[in-house]
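Below: the structure, in structure tokens.
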There are 2 protein chains.
Amino acid sequence: MGRVLMKEVRSGGVGHSAAPLDDTDQVLLGLLAADARMANKALARAAGIAPSTCLNRVRLLRERGVIRGYHADIDPEAIGRPIQAFVSVRLRAGSRSRIRELTGRLAALPGVLNVYFLAGANDFQLHVACESPSALSNFVVDNLSASQDVALTETTLIFEHVAGRAQTRHTHPG
Amino acid sequence: MGRVLMKEVRSGGVGHSAAPLDDTDQVLLGLLAADARMANKALARAAGIAPSTCLNRVRLLRERGVIRGYHADIDPEAIGRPIQAFVSVRLRAGSRSRIRELTGRLAALPGVLNVYFLAGANDFQLHVACESPSALSNFVVDNLSASQDVALTETTLIFEHVAGRAQTRHTHPG
DNA sequence: TGTGAAAAAAATGCTCT
DNA sequence: AGAGCATTTTTTTCACA
């Protein structure tokens, strides 16, 4: 048959169908990134579609993995962790194969906000929030420096964190 | 100088009353961090309080600034920005007083996820998501290297990003 | 502060276009 | 795929312990 289903334009995803996002999807994503608790009704009105349609689209976006989840943004300071830092870590050559195991354990520790696997000299970078400077110091010493797998660490204090526009709003290229 | 940044955990902040968070609040924060769209009814049941009470507590948490907002977590890959990187930036000494203005402009650019003000050799670090390696290169050249205010940049590719437990779950300091 | 029940609003599912 | 409508569920308000 000459007829072909043209649904999947992009190749490659890991289990997401990759139907391209149209303008309406972009608007929905932008609005939900800015306020994940926006009522479906308001969302629909802002996007110019019916509530039922809106609900379907948002559900599809979540099922496809475009929306990975909805999270409350909690002020670390307000929960007793006013000190934030990046900790870059380089593993010893022989330990590099265990990087998944090591970072998995680290990611589960209280105060660890993010783990980034890096290209370059260091293997990964932790983003942590601590109760105090000394708690930060203890964290690094106890969980990293003490480990036989860690070659070196470099800790950089974060004075302030500003979320970029892309975190809360999506742009229409052009 | 340092006193401005680190002091507002419990004493009177900038309009947050700083009533300490009890166990119920901790539970609510943990649940909302994990799923910001959880229905108030379910939230209340999980926390062991009545829905109306739950609604009040969550409202207070938001008004106090403990909850800063609710955001959909969008997969950068799914919106055409599969390449992520950190770009560390050092300003020229004479430009350092304009750091707010400069980073403010950068934070508004498409693809800029976060801006971190740093202690140490570099002044700040950008977390960016780009369409391609060449787009990343262009971003750095056009927005940073070309600027008279920028002394140097250092770009590190991010292979993978893993959210820590603290992003989605809160722990009782034990 | 917390609760229960009533009123208001919203979400969801179905059918038709 | 999108929209309109009926049903179900949830949110929200308020008098009261």
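All values below were derived from every heavy atom in this structure, side-chain atoms included, with hydrogens, water molecules and symmetry-related copies excluded. First the proteins, then the strands, lettered A, B, ... as listed; each starts at 1.
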First encountered from the 5' end of DNA chain C, between A/Asn56 and B/Gly48:
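Going by which nucleotide is closer to the 5' end, it is B/Gly48.
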A/Arg37 near the nucleic acid: base, sugar-phosphate alone, or nothing, with a heavy-atom cut-off under 4.0 Å?
nothing
Over how many whole Å does the gap from [X] atom [atom1] to [N] atom [atom2] extend?
X: A/Lys41; N: C/dA9; atom1: NZ; atom2: C1'; value: 7 Å
X: B/Leu55; N: C/dA8; atom1: CG; atom2: P; value: 17 Å
X: A/Ile49; N: D/dA1; atom1: CD1; atom2: C1'; value: 11 Å
X: A/Leu43; N: C/dA11; atom1: CG; atom2: P; value: 9 Å
X: B/Met38; N: C/dA11; atom1: CE; atom2: P; value: 17 Å
X: A/Arg62; N: C/dA11; atom1: CZ; atom2: P; value: 13 Å

Pairing of DNA chain C as dot-bracket, 5' to 3': ( ) intra-strand, [ ] crossing, | other strand, . unpaired, with Watson-Crick or G-U pairs under 3.5 Å?
||||||.||||||||||
Cation-pi between B/Arg100 and B/Phe117: NZ/CZ under 6.0 Å from ring centre and within 45° of the ring axis?
yes
Please step through salt bridge (Lys or Arg N to Asp or Glu O under 4.0 Å) for the pair A/Asp149 and A/Arg92, ending with a clear verdict.
CA-CA 6 Å; A/Asp149 300 307; A/Arg92 296 200 314 179; 5.7 Å; no
Quick check: does any side chain N or O of B/Arg165 sit under 3.5 Å from a backbone N or O of A/Val112, one acting as donor and the other as acceptor?
no
Using only atom types and a distance under 3.5 Å, with no angle test, would you say the side chain of A/Arg81 pairs donor to acceptor with the backbone of A/Pro76?
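A pair under 3.5 Å: no.
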Could you state the interatomic distance from OG1 (B/Thr156) to CG (A/Asn122), rounded to the nearest 0.5 Å?
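Atom-to-atom, B/Thr156:OG1 and A/Asn122:CG are 8.0 Å apart.
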Is [X] close enough to [N] that one of its side-chain N or O atoms is under 4.0 Å from OP1 or OP2 there?
X: B/Ser52; N: D/dT12; result: no
X: A/Arg45; N: C/dA10; result: no
X: B/Arg57; N: C/dG2; result: yes

Count the heavy atoms of every other residue, nucleotide or ligand shown that sit under 6.0 Å from CD of A/Glu154, and state whether that count exceeds 12.
no
Measure from the side-chain heavy atoms of B/Asn40 and tell me the nearest of C/dT3, D/dT11, C/dA10.
D/dT11
Identify which nucleotide among D/dT11, C/dA10, C/dG4 has an atom closest to any side-chain atom of B/Ala39, counting heavy atoms from C-beta outward.
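Among the listed nucleotides, the one closest to the side chain of B/Ala39 is D/dT11.
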Partners meeting side-chain contact (heavy atoms from CB on, under 4.5 Å) with B/Asp73 (sequence neighbours left out):
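Listed in chain order: A/Arg68, A/His71.
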